[in-house]
Number of protein chains: 2
Amino acid sequence: MTSRHKSCPPLPAELRLDRILHGECVEVMRGLPEGSIDCIFADPPYNLQLRGELRRPDESVVDGVDDAWDKFSDYGAYDSFCRDWLSEARRLLHKDGTIWVIGSYHNIFRLGTILQDLGFWILNDIVWRKANPMPNFRGRRFTNAHETLIWAARSPESRYRFNYQAMKALNDDLQMRSDWYLPLCTGHERLRNEHGLKLHPTQKPESLLHRVILASTNAEDVVLDPFCGTGTTPAVAKRLGRHYIAIERHPDYFRAALARLALVECLPSDQLAVTPARREQPRIPFGTFVENGALPAGTILSDRQGRLKACVAPDGTLVAGKQRGSIHKMGALLTSAPSCNGWTFWYFERDGKQVQLDVLRQESHAARQVS
Amino acid sequence: MTSRHKSCPPLPAELRLDRILHGECVEVMRGLPEGSIDCIFADPPYNLQLRGELRRPDESVVDGVDDAWDKFSDYGAYDSFCRDWLSEARRLLHKDGTIWVIGSYHNIFRLGTILQDLGFWILNDIVWRKANPMPNFRGRRFTNAHETLIWAARSPESRYRFNYQAMKALNDDLQMRSDWYLPLCTGHERLRNEHGLKLHPTQKPESLLHRVILASTNAEDVVLDPFCGTGTTPAVAKRLGRHYIAIERHPDYFRAALARLALVECLPSDQLAVTPARREQPRIPFGTFVENGALPAGTILSDRQGRLKACVAPDGTLVAGKQRGSIHKMGALLTSAPSCNGWTFWYFERDGKQVQLDVLRQESHAARQVS
DNA sequence: GACCCGTCTGAATCTAACC
DNA sequence: GGGTTAGATTCAGACGGGT
């Protein structure tokens, strides 16, 4: 990529850098000069359409998002809102600039379609796999354990920046994949008010922004966040030696972001080094081997002596007589033991020999390159 | 969910099950009866932005790749094609039916938007994390290591099927998350022609369909795949004891699918069962245990901490002070909770120990199985 | 200080059968 | 079809207090 700082005329006088601006995002963006931004990160309202109160099994109430800023009358209103701010975003982007947007299934398909329709060129969709998502309390869906980011260049012709080697280094010298495993923003990082309540319902973790900014910008590039909330994007940008412009409408969030930024210092330039990636523990559910046909449903397992037998069901449970349960539970049940490691207890037949279940897991670990 | 097989009039004579149909998907779908399908899996053509040559869904080549109008017209043509087949899909779906679509960032945002606009209700977006994705050779993007599935009900009011316990069992007794780690279709599973070349460019792994079908259908449900390719969906459906209707246009794929299905056998019905939903187990009224003397009238129940007490009345209600009601209502009343599961809330004394009420019910279920 | 245990919480479109 | 009620339903991680 030819950097803006090399290929373009000097910045217009009206672009003052490293500021958080208080106001409506589209209005404020209209006041910024065309082509002046290298990278945009945007975390717009999700239009969640939540219907009622949700309680955990222990009857405690989930403190969900019920703020007015997330409510839209219908898809049309949401689309119109997004076309407006994304059009402004495209005007502000340098011709080689890129944009990141984050969302969930409620809104990400609208965002992706509008990006494509406006002429952006999608480079990747990235999955933020949450280490500690909220469970599905009613057991009616899969646990919603991820959010999606779209990374797009201003146009198909953009010679965009991608710090390939930095991403590879961040991932133990393997190419960085499109699925990122990161924890939620909790603990001390989560900003709280004087009552100890979260200040913002959806504060993003700095680790996420760290990876985004490190991947797609250079030091001294200009990063814009039109919905900056409590200031995660400008905070990480500042720490990593990038310039920032951030916009926030809500006075509480705006004040919190100002205070937060005052405490952030830019890393010395010789320390803008990568942080090590957290590797996930590879855990392989037994059901995996039923799905992939290594142990198809109907297979008979036995214990080492061949005295106890059980049949594999399509969902990875074992069945013996009228009883059904996991490999561990059934091992315990049939031996009247308080507990049992099903991986080492059960055997299956392969090439006429009895093979311990755990062998499958070991083989799978060996084959598995990236967790 | 009330199954189609219980709540609906008999299938029209024209719905002949367990067939692969040769033809254009929309045309063939038009010939099938409304509301006759329980679940649809669709892997439509991705078709966009490939190798500088753009093709419309009808395979005609779009020229003028650099022309903005043609790009728009290409998205428009793709959208129009998808609105057509998704509208037919919605007509065919039973009111409580669900649909799965799979795609990549090239098309999944168009699909998601159209699904929402047509009135489908998204339940989850699922990320298929590929165990062995193709690396990014040019080092200009993140390794594209996943595809996205959208799971949606026909409408927000659909009482859709989700085999929660089976999915939990498949994942070592933890809720199944929205990110699935599965290998690509390779090796013996990959269909090849006489030259050893892969027969279909994007054959999906059976493990993916196993999870999809197990999660969202019952045995004997009807599964439709409008773009069945080499027949992965009908093959897994048949093995798992589901009915199928599959559509394929390309004669080579159609023939391969026919040959493949001829070799697939359905699992014996006693091996098809998965962990049942507790909701679907036979209900046992609490009063049963008062009648049969297991908990005679006059028995004192307490909560787990032993702080709240209530007395069992002859009709199976509980009495505390001036208040009387079901085990659930009294648990809710005494804790000021909006609701309460009395089975797990109340304890009684047996052999000097506090035993949860639900244990009685479990013992009764177990006894019922044996008899 | 180390460890255990109980408590709290997170972008959530979160019930279904019966009368 | 609407209202009522039975009863199904949670995982990881941070934090704080007690041993």
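If you're wondering where the values come from, they're calculated on a predicted model, not measured in any experiment. Chain letters run A, B, ... following the sequence lines, proteins first, then strands; residues in each count from 1.
- Toward the 5′ end of DNA chain C lies the nearest nucleotide of A/C185, the other residue of the pair A/C185 and B/S158 mapping further downstream.
- Comparing atom distances between the B/I122 side chain and each of C/dT13, C/dA11, D/dG13 picks out C/dT13 as nearest.
- Rounded to an integer number of Å, the gap from B/D125 CG to C/dA11 C1' is 12 Å.
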Solution key, residues 307-315 of chain B side-chain donor-acceptor pairs under 3.5 Å, sequence neighbours excluded:
unit_1 : atom_1 : unit_2 : atom_2 : d
B/D315 : OD1    : B/T317 : N      : 3.0
B/D315 : OD1    : B/T317 : OG1    : 2.6

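- No donor-acceptor pair closer than 3.5 Å links the side chain of B/D172 to the backbone N or O of B/A169.
- Side chain of A/D70 to main chain of A/P45: no donor-acceptor pair is present (N/O by atom type, distance under 3.5 Å, no hydrogens or angles).
- Comparing C/dA11 with D/dA6, their C1' atoms sit 31 Å apart, to the nearest whole Å.
- In this structure, B/N163 contributes its side chain and B/A166 its backbone to no donor-acceptor pair below 3.5 Å.
- For the pair B/R211 and B/W180, the distance from NZ or CZ to the six-membered ring centre is under 6.0 Å and the angle to the ring normal is within 45 degrees.
- Both tests pass for A/R140 against the ring of B/Y160: distance under 6.0 Å to the centre and angle within 45° of the axis.
- Remark: the B/S158 side chain and the B/R154 side chain contain no N/O donor-acceptor pair separated by less than 3.5 Å.
- Look at the C1' atom in both D/dT10 and C/dG6: the space between them is 16 Å, to the nearest Å.
- For C/dT13, the glycosidic angle deviates from 0 by 90° or less, giving a syn base.
- Under a 3.5 Å cut-off, the side chain of B/N218 and the backbone N or O of B/D221 do not form any donor-acceptor pair.
- We find that CG of B/D173 is positioned 12 Å from P of D/dA12, with the value rounded to whole Å.
- Within residues 63-71 of chain A, no residue has any heavy atom closer than 4.0 Å to DNA chain D.
- Legend: residues meeting ring pair (Phe, Tyr, Trp, His ring centres under 6.0 Å) with B/F348, ordered by chain and number and at least two apart, are absent.
- A donor-acceptor contact shorter than 3.5 Å is absent between the side chain of B/D38 and the backbone of B/T217.
- Spacing between C/dT13 and D/dA12 at atom C1', rounded to whole Å, works out to 23 Å.
- Residues passing the salt bridge (Lys or Arg N to Asp or Glu O under 4.0 Å) test with A/D84: none are found, sequence neighbours excluded.
- Here B/H328 does not reach the OP1 or OP2 of D/dT5: none of its side-chain N or O atoms lies under 4.0 Å away.
- Judged as a side-chain hydrogen bond (donor to acceptor under 3.5 Å, both in side chains), and not counting sequence neighbours, A/E189 has no contacts.
- For residues 141-152 of chain A, every residue pair satisfying the side-chain hydrogen bond (donor to acceptor under 3.5 Å, both in side chains) rule, not counting sequence neighbours, is listed here: A/Y46-A/E147, A/T98-A/W151, A/Y105-A/R141, A/K130-A/E147, A/T143-B/Q175, A/H146-B/D125, A/H146-B/S178.
- On the P atoms, C/dG10 is 32 Å away from D/dG7, given to the nearest whole Å.
- Heavy-atom nearest nucleotides on DNA chain D were determined for A/P133 and for B/K329, and the one closer to the 5' end corresponds to B/K329.
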query = What pattern of brackets, bars and dots sums up DNA chain D from 5' to 3', given Watson-Crick or G-U wobble pairs under 3.5 Å, [ ] for crossing pairs and | for another strand?
reply = .|||||....|||||||||
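- When the C1' atom is compared between C/dA12 and D/dT5, the two are found 25 Å apart, to the nearest whole Å.
- A side-chain donor-acceptor contact under 3.5 Å links A/H200 to the backbone of A/T202.
- Without hydrogens or angle criteria, A/T230 side chain to A/A257 main chain gives no donor-acceptor distance under 3.5 Å.
- Applying the salt bridge (Lys or Arg N to Asp or Glu O under 4.0 Å) criterion to B/E291, with sequence neighbours excluded, gives no partner residue.
- In this model, a donor atom of one side chain and an acceptor atom of the other lie less than 3.5 Å apart for B/Q116 and A/R110.
- Within a heavy-atom distance below 4.0 Å of DNA chain C, the residues of residues 186-205 of chain A found are A/R190, A/K198, A/P201, A/T202, A/K204.
- Listed by residue number, A/Y105, A/H106 are the residues of residues 100-109 of chain A with a heavy-atom contact under 4.0 Å to DNA chain C.
- Of the residues in residues 315-325 of chain B, none lies under 4.0 Å from DNA chain D by heavy-atom distance.
- Of the candidate nucleotides C/dA11, C/dT13, D/dG13, D/dG13 has the atom nearest to the side chain of A/N132.
- At a cut-off of 3.5 Å, with distance as the only test, no side-chain donor of A/S326 or A/H328 sits close to an acceptor on the other residue.
- Atom CD1 in B/I327 sits roughly 6 Å away from atom P in D/dG7 (whole-Å rounding).
- With hydrogens and angles ignored, the 3.5 Å screen pairs a side-chain donor or acceptor of A/E248 with a backbone N or O of A/H250.
- Of the side-chain N and O atoms in A/N144, none sit less than 4.0 angstrom from OP1 or OP2 of C/dA11.
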Grab the N/O contacts between the protein and nucleotides 8-10 of chain D below 3.5 Å, and write none if there aren't any.
unit_1 : atom_1 : unit_2 : atom_2 : d
D/dA8  : OP1    : B/R361 : NH1    : 3.4
D/dA8  : OP2    : B/R361 : NH1    : 3.3
D/dA8  : OP2    : B/R361 : NH2    : 2.4
D/dA8  : N7     : B/N341 : ND2    : 3.3
D/dT9  : OP1    : B/Q165 : NE2    : 2.8
D/dT9  : OP2    : B/R278 : NE     : 2.5
D/dT9  : OP2    : B/R278 : NH2    : 3.3
D/dT9  : O3'    : B/Y164 : OH     : 3.2
D/dT9  : O2     : A/F137 : O      : 3.2
D/dT10 : OP1    : B/Y164 : OH     : 2.4
D/dT10 : OP1    : B/K168 : NZ     : 2.6

